[in-house]
Structure formats: C-alpha cells, structure tokens
Protein chains: 2
Amino acid sequence: MTDATDETGRTGKPAARTAPDVPAVAHVPAAPFAPDRLTARAREIVAAARDLLEESGPAVLTMRTLADRLGIKAPSLYKHFPDKHAVEVELIAQMLEESAAALEAAESRTPGSLEALAEAYRTYALAHPHLYCLATERPLPRTLLPAGLEDRAALPLLRACAGDRDLARATWAFTHGMVSLEIHGRFPEDADLDAAWKRGLRTLHP
Amino acid sequence: MTDATDETGRTGKPAARTAPDVPAVAHVPAAPFAPDRLTARAREIVAAARDLLEESGPAVLTMRTLADRLGIKAPSLYKHFPDKHAVEVELIAQMLEESAAALEAAESRTPGSLEALAEAYRTYALAHPHLYCLATERPLPRTLLPAGLEDRAALPLLRACAGDRDLARATWAFTHGMVSLEIHGRFPEDADLDAAWKRGLRTLHP
DNA sequence: CCGTCATGGCTAACAGCGTTAGCTGAATTG
DNA sequence: CAATTCAGCTAACGCTGTTAGCCATGACGG
C-alpha cells in the first residue's frame with residue numbers, strides 16, 4: 001500500500017455532524033471551474049489524449065503516439081505539460097466533471113431517485129470504460145484537481161441518501177463494484193447483470 | 001473496451017436454474033490442483049515475484065529486478081516462463097486460491113454468515129492490496145487458470161446467499177467496490193468505513 | 001525600426017522496459 | 001562415451017518516458 005507517489009489533501013470541512021449539512025439544491029457549480037486552467041494548445045493535447053485513450057486503451061496512450069496524432073514530436077509535449085502524469089490528471093478531471101454533470105442531470109430529471117443516479121453512473125462508466133478505469137484505479141491526485149470537483153461528483157448521491165454518508169458510501173461501493181467487475185469481464189458471460197443491479201439497488205434503498 | 005489480449009472461456013455448466021443447484025457442502029476442493037503445474041524453479045520465481053509485488057508494488061515488478069532478486073539475469077527467466085504475463089497469471093491464481101481458502105475458512109467457522117465472509121474478503125484484500133489489484137483490475141485469464149478455481153472462489157458467497165445469484169453478485173460488487181475504493185484511497189480521510197461496511201451488509205442481508 | 005525575449009517546435013540522446021538470438025557449460029540419458 | 005536437454009549467460013532490438021540543447025517565429029519596448 002506504500003506507493004510513494006500519492007496525494008493526501010482533502011481540505012478541512014469541519015468534520016461533518018453525520019446529519020444532513022448537505023446543500024439541498026443541486027446545480028450549485030461548487031467551483032468556478034477556471035477556464036484558464038489550461039492554454040488552448042494544452043487543451044488540444046488533452047483532447048487528443050482522450051481520443052487515443054478511449055479508442056485504443058491505456059497501452060496506446062504514449063507520449064509518442066500522442067505527439068504523432070498532433071503532428072509534432074514527443075519532446076514538444078513537455079513544453080505544455082511537465083510529464084505524462086499531468087495530462088492524465090486532466091483526463092481524470094474531465095471524467096470527474098462529466099460524471100458529476102451526468103449525475104446532476106439525472107437528479108434534476110428524477111429528483112431523489114437512486115435508480116436514476118445509478119443508471120446514469122453505469123451508463124457513463126460503460127460508455128467510457130478506459131477513462132473510467134484511468135480515473136478510478138489509482139489514488140486521486142486531489143491537490144492537482146480543480147477545487148470542489150470531488151465533492152461535486154459525490155453530492156448527488158449524498159442528496160439521494162438524504163445526507164446519510166454511510167449509505168451513500170455503501171451505494172457508491174456497490175455501483176463502482178458493479179461497473180468495475182463488468183468492465184473487466186469478471187462476471188460469467190451469461191450473468192444477468194440488470195437483475196443484479198436491480199437487486200442491489202432495491203436492497204440498498206427499499 | 002477492445003483490449004485485444006483477452007480470455008473468453010467460462011466452460012459450460014448447463015445454464016443454471018436460478019434455484020440452488022449449488023453443492024451444499026464446503027471444502028470440496030473443486031479441482032485436484034495439479035502440483036506439477038509448475039517446476040520447482042518456476043515456483044521459486046513466482047515466489048520472488050510475489051515478494052517483490054507485495055513489498056514494492058507493480059512498478060517494481062520488472063523482469064530485471066525479478067531476475068536480480070534470484071541472482072540471475074533477466075533473459076534466463078524466459079527459460080521458465082514464456083513472458084511476464086505468464087508469471088502474473090500465477091500470481092493471480094495464488095490470489096484466487098488464497099482468497100477462496102480464506103472464504104472457506106470463514107464459512108466453516110461461522111456457517112451462513114455473510115458478515116464473516118465479507119470480513120474475510122476485506123481482510124485478505126487489504127493485507128495484499130497490490131496482489132488484489134493485479135488480480136482484479138484486468139480481465140481474468142480464464143483459460144490459463146486451474147480449472148474450477150474461479151467457481152471455487154465464488155461458491156462460499158453463493159452459498160451464504162442460498163443460491164440467489166443476483167444477490168451474490170450484488171454483494172460481491174459491494175465488497176469489491178469497498179475494497180477497491182479503500183485501497184486507492186478514494187474515500188475521504190475521515191470516513192468511517194466500518195460503518196459503511198456494516199450499513200451495506202445489513203441492507204443487503206437484512 | 002530594431003533588439004530582446006518568450007513560445008513552441010526540433011534532433012539527439014539516455015536509462016530502463018520486455019523480449020529475442022545465440023552461445024556455453026553442466027547434468028542427464030541412451 | 002556420445003548425445004541431448006537444461007539453465008544460465010551476453011548482446012542487442014525496439015519500445016517507453018524524459019532531458020538537453022538548438023532554432024525559428026512573433027510580440028513588445030525603447
């Protein structure tokens with residue numbers, strides 16, 4: 001569990017009195033989401049990286065193939081990012097941002113519905129499996145992410161759980177576990193996953 | 001989702017009439033578990049690989065460092081395994097075997113207890129996080145694994161769910177999700193994970 | 001208008017990765 | 001004793017992320 005390269009962060013929040021101190025309204029865009037986070041060229045690079053990742057998987061997302069796709073040479077990428085990890089961080093931020101948006105949309109379509117949130121989560125993850133795994137199968141680079149993004153991604157589910165953090169975490173674990181096992185093909189081929197989803201959601205939210 | 005290197009397998013079993021056609025007794029060692037699966041030297045190599053992985057993580061598990069630890073040169077490893085993936089497959093098999101054993105032990109200690117199974121699962125995974133991730137975050141190399149091992153690892157939970165496959169899958173997803181998120185430090189630092197585990201297990205098995 | 005400087009490309013190179021080819025000495029076997 | 005297999009070795013290839021250092025372009029201040 002000692003992987004060295006890690007982030008510890010998670011700034012304060014006064015420790016939370018398990019009761020709902022959760023904002024009741026959705027769509028407060030938590031952080032202003034600085035648009036000058038990246039230069040225009042850097043955004044192009046991230047876009048190309050994302051195409052590459054989603055099309056062909058992480059093994060193909062290489063500084064050289066990435067540069068190729070942009071018509072430049074690999075070392076030039078280092079004029080825009082300090083290292084490969086930094087462009088991966090941007091991809092992780094995109095995934096967080098988009099899945100938060102997907103959850104917020106589901107919430108405003110069907111307020112309070114856990115099923116709607118779960119469906120949105122599953123749909124987004126399965127539509128972007130490589131991106132989902134990239135963002136999910138390593139420690140969160142919290143200190144490098146836009147402020148508030150992690151919380152924003154978590155809030156819709158917490159709201160649907162009426163502020164019950166334990167239930168929200170258990171539900172998140174269930175949905176993440178289903179998606180993760182599904183993406184990696186760990187269920188038997190003939191497994192009825194829709195039924196497993198329904199079963200899990202029904203027992204978690206009776 | 002097209003990762004090329006994959007295994008499709010999952011040999012037959014006549015499709016299962018959702019009802020418990022599950023063996024009622026534990027500890028039937030499903031497959032004879034051929035001890036000549038590997039030569040003695042190959043087993044030494046796998047043991048060294050495992051030490052390396054568990055001590056220092058996947059980035060350090062390199063053909064060269066592995067050879068170093070054995071006092072030989074990297075190319076010599078290819079006299080014993082066709083490639084690196086083949087030694088990883090052995091590590092995956094070890095993880096499956098050991099976690100199956102841990103679940104079977106918990107089952108025979110406290111028959112029918114989901115809590116006991118979940119605790120055994122969580123304890124094993126957190127004791128071997130790198131191994132757990134290695135075995136879990138890629139498609140199962142089913143065709144290369146000892147026959148019956150995957151099923152054996154799944155059976156205790158299926159028994160505790162009285163043969164209800166949907167419930168067993170939902171529960172597996174929950175436990176895997178909790179462990180995965182915990183290993184990668186995705187929960188807030190101050191999160192009470194014991195409470196989340198209890199909450200999830202209680203609602204899944206009232 | 002001209003010098004200065006930042007920007008964003010480039011080539012060459014390094015260390016480390018998985019892996020292959022081909023050699024060699026020791027042990028086993030017919 | 002000859003032949004063969006085993007298990008090590010060195011050298012090398014193509015790939016990876018990354019660094020150093022060079023050069024053209026364009027913006028800007030005096």
Side-chain angles (χ1 to χ4, degrees), chain A residues 3-7 35-53 55-92 130 133-134 137-139 141 144, chain B residues 3-7 35-53 55-92 130 133-134 137-139 141 144:
Chain A
D3 243 343
T5 59
D6 216 319
E7 323 291 330
D36 54 345
R37 236 178 97 71
L38 261 42
T39 67
R41 187 56 166 153
R43 274 192 295 272
E44 290 179 21
I45 293 174
V46 172
R50 174 157 180 176
D51 289 349
L52 224 37
L53 175 69
E55 286 166 17
S56 317
V60 171
L61 180 49
T62 284
M63 294 305 264
R64 282 174 172 87
T65 62
L66 176 55
D68 269 6
R69 171 154 311 208
L70 291 156
I72 63 178
K73 303 294 178 180
S76 301
L77 294 171
Y78 293 82
K79 300 289 177 170
H80 304 276
F81 292 93
D83 52 28
K84 185 185 182 184
H85 184 244
V87 358
E88 289 173 343
V89 166
E90 293 306 318
L91 295 180
I92 295 171
H130 292 306
C133 290
L134 177 75
E137 290 175 354
R138 68 209 76 229
L144 306 174
Chain B
D3 246 337
T5 59
D6 216 319
E7 323 289 329
D36 54 345
R37 232 175 102 71
L38 260 43
T39 67
R41 187 56 167 154
R43 273 191 297 272
E44 290 179 20
I45 293 175
V46 172
R50 175 157 180 177
D51 289 348
L52 225 36
L53 176 69
E55 286 167 18
S56 317
V60 172
L61 179 51
T62 282
M63 295 304 265
R64 283 175 171 88
T65 63
L66 177 54
D68 268 5
R69 172 154 308 209
L70 291 157
I72 63 180
K73 303 295 178 181
S76 302
L77 294 171
Y78 293 82
K79 300 289 174 172
H80 304 277
F81 291 93
D83 52 28
K84 187 185 181 184
H85 184 245
V87 359
E88 288 174 343
V89 166
E90 294 305 317
L91 295 180
I92 294 171
H130 292 306
C133 290
L134 178 74
E137 290 175 353
R138 67 209 77 233
L144 305 174

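Residue numbering restarts at 1 for every chain, and letters A, B, ... go by the order of the sequence lines. Bear in mind the structure is a predicted one, so any value in this text is a computation, not a measurement.
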First-last contacting nucleotides on DNA chain C - partner chain A, under 4.0 angstrom, heavy atom: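 Footprint of chain A along DNA chain C, 5' to 3': dG8(C) to dA13(C).
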Identify each donor-acceptor pair in which a side-chain atom of residues 60-68 of chain A lies under 3.5 Å from a protein atom, sequence neighbours left out, and give them as a table.
unit_1	atom_1	unit_2	atom_2	d
Thr65(A)	OG1	Val60(A)	O	2.7
Thr65(A)	OG1	Thr62(A)	N	3.2
Thr65(A)	OG1	Thr62(A)	O	3.1

Between dC13(D) (P) and Met63(B) (CE): distance, integer Å: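 That distance rounds to 20 Å.
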Integer-rounded Å distance: dG17(D) P and Leu66(A) CG: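 Result: 9 Å.
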Listed partners of Ala86(A) passing side chain to side chain contact (heavy atoms under 4.5 Å, CB included), at least two apart: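 If we apply the side chain to side chain contact (heavy atoms under 4.5 Å, CB included) test to Ala86(A), skipping adjacent residues, the hits are Phe81(A), Pro82(A), Asp83(A).
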Residues that Glu137(B) engages under side chain to side chain contact (heavy atoms under 4.5 Å, CB included), provided they are two or more places apart: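 In terms of side chain to side chain contact (heavy atoms under 4.5 Å, CB included), with neighbours along the sequence ignored, Glu137(B) is linked to Glu137(A), His184(A), Cys133(B), His184(B).
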Partner set under side chain to side chain donor-acceptor pair (under 3.5 Å) for Glu88(B), not counting sequence neighbours: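 Once residues adjacent in sequence are excluded, Glu88(B) has no partner under the side chain to side chain donor-acceptor pair (under 3.5 Å) criterion.
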All side chain to side chain donor-acceptor pair (under 3.5 Å) counterparts of Arg138(A), not counting sequence neighbours: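 None.
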Given DNA chain C, 5'-ward residue of the pair Ile72(A) and Thr65(B), judged by closest heavy atom: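 Checking each residue's closest nucleotide, the 5'-ward one belongs to Ile72(A).
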Residue pair Glu90(B) / Leu38(B): nearest heavy atoms and the distance that separates them: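 Distance-wise, the nearest heavy atoms are OE1-CD2, 3.6 Å.
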Any Arg41(B) side-chain nitrogen or oxygen under 4.0 Å from OP1 or OP2 of dG8(D):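 Affirmative; the distance criterion is met.
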Interatomic spacing from CD1 in Ile45(B) to CD1 in Ile72(B) - rounded to 0.5 Å: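 One gets 5.5 Å once the value is rounded to the nearest 0.5 Å.
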Interatomic spacing from CG in Leu52(A) to CZ in Arg69(A) - rounded to 0.5 Å: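 The distance works out to 4.5 Å.
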Positions of residues 73-82 of chain B (non-hydrogen atom under 4.0 Å from DNA chain D), listed by number: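 Per residue number, the list reads Lys73(B), Pro75(B), Ser76(B), Lys79(B), His80(B).
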